[in-house]
Every structure is written in structure tokens, then in C-alpha cells.
Student: 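I'd like to ask you about the structure that follows.
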Number of protein chains: 2
Amino acid sequence: MAYRLDEQIGYILRLANQRHGLIFNKHSELGLTPTQFAALVRIGEMGACSQNLLGRRTAMDVATIKGVVTRLKAKGFIQLNPDPGDKRRTVVSLSAKGQDVIDQLHAFGEKVTEETLAPLSAPERKVFLDMLKRLT
Amino acid sequence: MAYRLDEQIGYILRLANQRHGLIFNKHSELGLTPTQFAALVRIGEMGACSQNLLGRRTAMDVATIKGVVTRLKAKGFIQLNPDPGDKRRTVVSLSAKGQDVIDQLHAFGEKVTEETLAPLSAPERKVFLDMLKRLT
DNA sequence: GGTTGTTTATTAGTGTACAAACGAATAACC
DNA sequence: GGTTATTCGTTTGTACACTAATAAACAACC
């Protein structure tokens with residue numbers, strides 16, 4: 001049987017990711033990228049934490065989370081403070097503006113998820129997500 | 001029900017993509033990235049074509065395919081020639097070295113696919129790939 | 001209490017990914 | 001045949017994503 005690019009999981013995953021990105025950007029009103037969105041929502045879930053820990057909890061390496069934090073700070077959604085008990089650490093937390101948009105982010109995220117999964121029925125979505133999680 | 005980042009399709013897709021990338025790089029011997037691999041395999045499937053068309057058939061925009069072609073050329077896997085019938089076009093085709101590695105690429109691709117899908121049983125893989133394709 | 005090892009953050013370099021704008025060449029059309 | 005629209009390739013700018021190297025701070029340990 002011939003090898004076909006269109007049947008390879010890596011290639012199809014890339015396409016699915018691209019489609020999700022397009023849907024995300026189409027609806028994005030706050031000017032956030034999917035990565036920035038993930039970091040911001042995670043801070044809302046975890047509360048204040050170090051930049052490094054935030055990176056681990058959002059699957060971003062140190063160089064990536066550094067840039068994401070810089071841009072979220074520039075946009076005013078987070079604030080950065082030195083950790084009083086550990087001079088190595090920078091404590092990342094939501095700003096007042098960040099607090100204010102969390103509910104909006106959740107509603108936005110649900111809309112994006114809904115549209116991305118639109119081609120699948122409700123029972124299919126559950127099966128699909130369970131299998132996809134096993135590939136992480 | 002609370003919104004949870006870990007349940008969002010976009011976030012999980014990103015994680016699955018990351019895992020695939022790690023598996024790909026671990027086995028990569030020719031120094032190719034997943035994107036370069038896709039472009040090279042596609043040229044092998046299509047034969048010679050313009051740079052723009054190659055981009056469309058591998059889901060890369062003009063700026064991305066430009067860089068990928070430049071690097072594949074630098075690594076000696078492809079050759080670039082002007083199109084005799086259309087002065088706008090650059091014809092991209094496999095070099096002798098590119099021809100020589102196509103079979104190796106297919107075997108490599110199958111190994112990466114196998115390892116990426118290892119957490120799923122054979123029937124699950126079929127169901128999963130069918131659903132994932134619908135999300136592209 | 002001083003060595004050893006780990007953690008945290010930064011920087012530099014390479015490689016996707018997309019948007020936007022540009023000039024040159026070609027195609028469509030009247 | 002001349003205007004209009006489209007296509008092709010390039011460049012600029014922003015944003016992930018990973019590797020590798022570095023320096024500072026902290027923790028463990030005997």
C-alpha cells in the first residue's frame with residue numbers, strides 16, 4: 001500500500017490546528033492569540049504563580065512563556081511582581097483588567113470550541129476528545 | 001459547569017501536535033522538520049510543480065513555503081528552475097538526492113505515525129483519523 | 001558552612017505560520 | 001489591443017516553538 005501524506009496523523013493534526021486557529025482569530029475581539037488565551041485562562045484557574053510554573057502548566061517552554069508573558073503584560077491583562085521569598089522568581093497574576101475579562105474569555109472559548117467541533121455530533125465529540133487526550 | 005482549559009479542543013490539539021513533533025524529531029535522521037518532510041513527500045507525489053502550487057497542496061501560505069523551499073534547496077533535496085512558459089513561476093522538483101531518499105522518507109513517516117498512534121488500538125485509529133479529517 | 005545540584009529567568013539562533021503590501025507577469029474581457 | 005483582474009513570487013512584521021547556553025538564586029547534603 002502506497003504511503004500517502006494525506007493519511008498521516010502528523011499532517012492532519014497540523015491541518016486541524018490551522019483550522020482551529022482560523023476560527024479562533026475570526027472570533028477574537030480582545031486581540032489575543034490561542035497561546036495567550038491559554039496562559040491567561042490558566043492564570044485565572046491557578047491564581048498567581050511564577051512565570052516558569054505557568055509555562056509548565058500551559059505546555060510552553062521557558063523561551064515561549066517569556067514572550068507570551070511579555071505580550072500579556074504589554075496588553076495590560078497581567079501584572080508582574082518579584083517574589084518576596086525567592087529572588088529568582090517573577091510572580092505573574094491577573095491585573096484588574098485581566099480579572100474583568102475572565103468570564104468573557106470563557107464564553108469566547110466555548111464558542112470557538114463549539115465551532116471547531118461543529119462537524120462532529122455530540123457523542124462523537126466525547127469519543128474524539130477522549131482519544132485525542134490519549135495522544136498528548 | 002466550569003470552563004476548563006484542559007477540556008478545550010484547541011488546547012488539546014496543540015498538545016497532540018507537540019507530542020507528534022517530539023516523536024518526529026527523535027527519529028529524524030535526515031535533519032528534516034515535519035513541514036519540510038511534508039513538502040518533500042508532496043513533491044514526490046505530485047512531481048515537479050510551481051512553488052505556489054506546492055504551498056497550496058501542503059497547506060502553507062506563500063511566505064511559509066518560500067522559507068521551506070529555500071531550506072530544502074540548501075539541503076540539496078530539491079532543485080529550482082525557471083518555468084519556460086511562465087516567467088513568474090519557479091519550478092520545484094526533486095534532486096537526485098531527493099529521489100534517493102523518498103523510500104526512506106516513507107518508511108520513516110510510517111514509523112512516526114505508528115508511534116504517535118500507539119495509544120490507540122487499530123479500530124480506534126480508523127475512527128479517530130476519520131473524525132480528525134472532518135475537523136480540517 | 002561550603003560544595004553540589006537544581007531551579008528560575010534571560011538571551012541567541014533556527015524554523016514554522018499568518019497578514020499585508022508590492023512589482024512583475026499572465027489571463028480575461030470587451 | 002488595451003483595460004482589468006488574477007496569479008506568482010518576494011519582503012516585512014508579529015507571534016509561537018524548540019534548542020542551547022548563561023547567570024543568579026536556592027536547596028540538599030555531609
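From a predicted model like this one, the values you see are computed outputs, not experimental measurements. Note on naming: letters A, B, ... go to the chains in the order of the sequence lines (proteins, then strands), and numbering restarts at 1 for each one. As a basis for the values below, the full set of heavy atoms in this structure was taken, side chains included, without hydrogen atoms, waters or symmetry mates.
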Student: Could you state the NZ-C1' distance from B:Lys66 to C:dA17, rounded to the nearest angstrom?
Tutor: 16 Å
Student: Taking the basic N atoms (NZ, or NE/NH1/NH2) and the acidic carboxylate oxygens, is any pair closer than 4.0 Å for A:Glu45 and A:Arg57?
Tutor: no
Student: Salt-bridged, A:Asp130 to A:Lys126, with N to O below 4.0 Å?
Tutor: yes
Student: Using side-chain heavy atoms (C-beta onward) and a distance below 4.5 Å, is B:Leu135 in contact with A:Phe128?
Tutor: yes
Student: Taking atom C1' of D:dA17 as reference, at what distance in whole Å does atom CG of B:Leu15 sit?
Tutor: 13 Å
Student: Return the residues of residues 21-45 of chain A meeting this criterion: a heavy atom under 4.0 Å from some atom of DNA chain D. Order them by number, or give none.
Tutor: A:Thr33, A:Thr35, A:Gln36
Student: Hey, does the side chain of B:Arg14 come within less than 4.0 Å of D:dC16's phosphate (OP1/OP2), counting only N and O?
Tutor: no
Student: Of B:Val91 and A:Thr64, whose nearest nucleotide on DNA chain D comes first from the 5' end?
Tutor: B:Val91
Student: Does the side chain of B:Arg56 get closer than 4.0 angstrom to OP1 or OP2 of D:dT7 through an N or O atom?
Tutor: no
Student: Any carboxylate oxygen within less than 4.0 angstrom of a Lys/Arg side-chain nitrogen, looking at B:Glu115 and B:Arg19?
Tutor: no
Student: Rounded off to whole Å, could you give me the CG-to-P distance for the B:Leu53 and D:dC8 pair?
Tutor: 8 Å
Student: Do A:Arg42 and B:Asp6 sit within salt-bridge range, that is, some charged N less than 4.0 Å from a carboxylate O?
Tutor: yes
Student: Please give, in whole Å, the distance from C:dA9 P to A:Leu54 CG?
Tutor: 10 Å
Student: By nearest nucleotide on DNA chain D, pick out whichever of B:Gln18 and B:Asn52 is the more 5' one.
Tutor: B:Asn52
Student: Between C:dT8 atom P and A:Arg89 atom CZ, what is the distance in whole Å?
Tutor: 5 Å
Student: Expressed in angstrom and rounded to an integer, what is the separation of A:Ile65 atom CD1 from D:dC16 atom C1'?
Tutor: 11 Å
Student: Between A:Asp61 (CG) and C:dT8 (C1'), how many Å, whole number?
Tutor: 14 Å
Student: Pairs under 3.5 angstrom, nitrogen or oxygen only, protein versus nucleotides 21-26 of chain C, please.
Tutor:
residue, atom, partner, partner atom, Å
C:dT26, OP1, B:Lys87, N, 2.8

Student: The test is side chain to side chain donor-acceptor pair (under 3.5 Å); show your working for A:Thr113 and B:Gln8 and say whether it passes.
Tutor: CA-CA 6 Å; A:Thr113 292; B:Gln8 303 310 307; 2.6 Å; yes
Student: Answer whether the closest heavy-atom distance between the side chains of A:Met131 and B:Met131 falls below 4.5 Å.
Tutor: yes
Student: Whole Å only: how far is the CD atom of B:Gln51 from the C1' atom of D:dG9?
Tutor: 6 Å
Student: Counting the benzene-type ring for Trp, do B:Tyr11 and A:Phe37 have ring centres under 6.0 Å apart?
Tutor: no
Student: Short question: side chain of B:Arg134, backbone of A:Pro119 - any donor-acceptor pair under 3.5 Å?
Tutor: yes
Student: On DNA chain C, nearest-nucleotide positions of B:Ala63 versus B:Lys75: which is more 5'?
Tutor: B:Lys75
